[in-house]
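Remember, it's 1-based here, ligands and their atoms both numbered in the order they're listed. This is a predicted model, so every value here is computed, not measured.
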Amino acid sequence: MPCMQLFRDSIIEEVNKKGKITFAEFMKMALYHPKYGYYNSYRERVGRFGDFYTSPTVHRIFGELIAKQLEEMWRIMGGGLFTVVEMGANKGWLCHDIIQNIMKEYPEFYANFHYIIVESNPYARGKQRLLLESIHVTDEKVSWHTYSEDGFPFDRIQGCFLSNEFVDALPVHRLKVKNKVLKEIYVSYNDTGFFEIDDEASTEALKRYLDTYQIYLKEGQGYEVNLGAAEWLRHVSEKLQKGFVLTIDYGDTIDGLYRENGSDGTLRCFYKHTVNRDFYERPGEQDITAHVDFTNLMNAGKSAGLEVTGFTKQSHYLIALGILKRLNNTNKDIETILKVKNLFHPEGMGNVFKVLIQHKNIERPQLSSLRPLSSLTM
Ligand SMILES: C[S@@+](CC[C@H](N)C(=O)[O-])C[C@H]1O[C@@H](n2cnc3c(N)ncnc32)[C@H](O)[C@@H]1O
């Protein structure tokens, strides 16, 4: 029997056992089932032969600028041992580009540098190893760990927790208002296939979330809540003795999300570079993702001891870090120019992607990536 059918059957078994499961439980299975989940398979997910592009797969300039950012953080922290923890490195392009650039441009920083890749997918780990071997990264510079609901297994670090498009891949609960009553969307199954049921919210935390952010949904309006994001930041802060959290993802503050969030919510599936809302089709074969609520990340971070250093658009961030200068200095074939432009152009990844930087145990850090663009000279 093909894998997808076997996987469908195991989801159906789980649904039938419980009668119904929350959408978040369905999404968790579809993406993270240990054997068939989208992010645990050997499938090509990101890049030309996958389902979507991410910034590190667009051009290595992205990783080079993050390397520059990390070196600045290291200097602000006064030097010493600096550990980068990257969540969900996929094939390892970002860590490859970062490490290669640090080796070349910042030898003193490299001497004090360690990289932790947080990755549970064994196929991805294998690919990351190969890529790092190709640039002769020695074993003591990189280590691999996993992240679970219990947190991270390593000791506290000084350095930076880094993620690109990690938070948008965490399971979300789906809410809506029906006849003026708040409902959560559950998933059930009968002979005709999966279908949705509205019922009471599965946890008080969902109601608290709407109350905290004063979200009043209109009749029928859909809204997704990512409870795992705040949990993850609590775990991050537990392990961050001193340093930064750099989170890059698509989404907005709650105002932007709530205002721009039509009646359907922001949940989408990506399959071979097409977008759909057929959440129950191709389980394990397509990505399911929702926009990130950055207000929640800022608030959850504050409660966990992380202060906001700054929040901006990817366009601002990359321009302030010097992407235009770097573009001028690269090989100027038209393909490269278009790729790099896509990273910061407002109609490409520049506006929809945001950058949140938080810090802990550092007095008012001033990062050049957050300075006003009007202060830049070209
Ligand atoms: C959209 S992909 C982004 C990949 C990569 N960062 C990039 O920019 O190309 C989301 C990543 O988050 C990872 N992820 C989600 N939950 C995770 C967890 N608990 N531990 C480690 N990685 C996780 C997935 O495995 C996947 O690699």
**OP:** With heavy atoms of Thr54 as the reference, note each atom of ligand 1 found under 4.0 Å away.
**Re:** 7 (C), 8 (O), 9 (O)
Original post:
Is it true that Asp199 and Lys183 make a salt bridge, defined as a side-chain N closer than 4.0 Å to a carboxylate O?
Top reply: no
Original post:
Which one of Gly37, Ser120, Gly88 has a non-hydrogen atom at the shortest distance from atom 6 (N) of ligand 1?
Top reply: Gly88
Subject >> Aromatic ring pairing Tyr32/Tyr39, orientation class (parallel under 30°, perpendicular over 60°, tilted between) >> reply: parallel
**OP:** Inspect the contact between Glu231 and Arg234 and indicate whether a charged nitrogen and a carboxylate oxygen are less than 4.0 angstrom apart.
**Re:** yes
Original post:
Considering only the protein, which heavy-atom contact is closest to atom 25 (O) of ligand 1, and what is its distance?
Top reply: Tyr39 CB, 3.6 Å
**OP:** Look only at interatomic distance and state if Phe166 has a nitrogen or oxygen under 3.5 Å from any nitrogen or oxygen of ligand 1.
**Re:** no
**OP:** Please work out which of the three classes, parallel, tilted or perpendicular, describes the rings of Trp93 and His96, given edges at 30° and 60°.
**Re:** perpendicular
Original post:
Can you say whether the rings of His273 and Tyr53 are parallel (under 30°), tilted (30 to 60°) or perpendicular (over 60°)?
Top reply: tilted
Original post:
Should the proximity of Asn164 to ligand 1, defined as any heavy atom under 4.0 Å, be assigned to the side chain, the backbone, both, or neither?
Top reply: both
Subject >> Proximity flag Val118 to ligand 1, non-hydrogen atoms under 4.0 Å >> reply: yes
Original post:
Does a side-chain N-to-carboxylate-O contact under 4.0 Å join Glu14 and Lys17?
Top reply: yes
Original post:
For atom 19 (N) of ligand 1, what's the nearest protein heavy atom and its distance?
Top reply: Tyr147 O, 3.4 Å
Subject >> Atoms of ligand 1 close to Tyr32 [distance to a heavy atom under 4.0 angstrom, numbered from 1] >> reply: 15 (C), 16 (N)
Subject >> Interfacing atoms of ligand 1 (cut-off 4.0 Å, heavy-atom, Pro56) >> reply: 8 (O)
**OP:** Give every residue pair that meets the salt bridge (charged side-chain N to carboxylate O under 4.0 Å, His left out) criterion with at least one member in residues 153-179, sequence neighbours excluded.
**Re:** Arg174-Glu196, Lys176-Asp198, Lys178-Asp198
Original post:
ligand 1 versus Trp93, non-hydrogen atoms closer than 4.0 Å: side chain, backbone, both, neither?
Top reply: neither
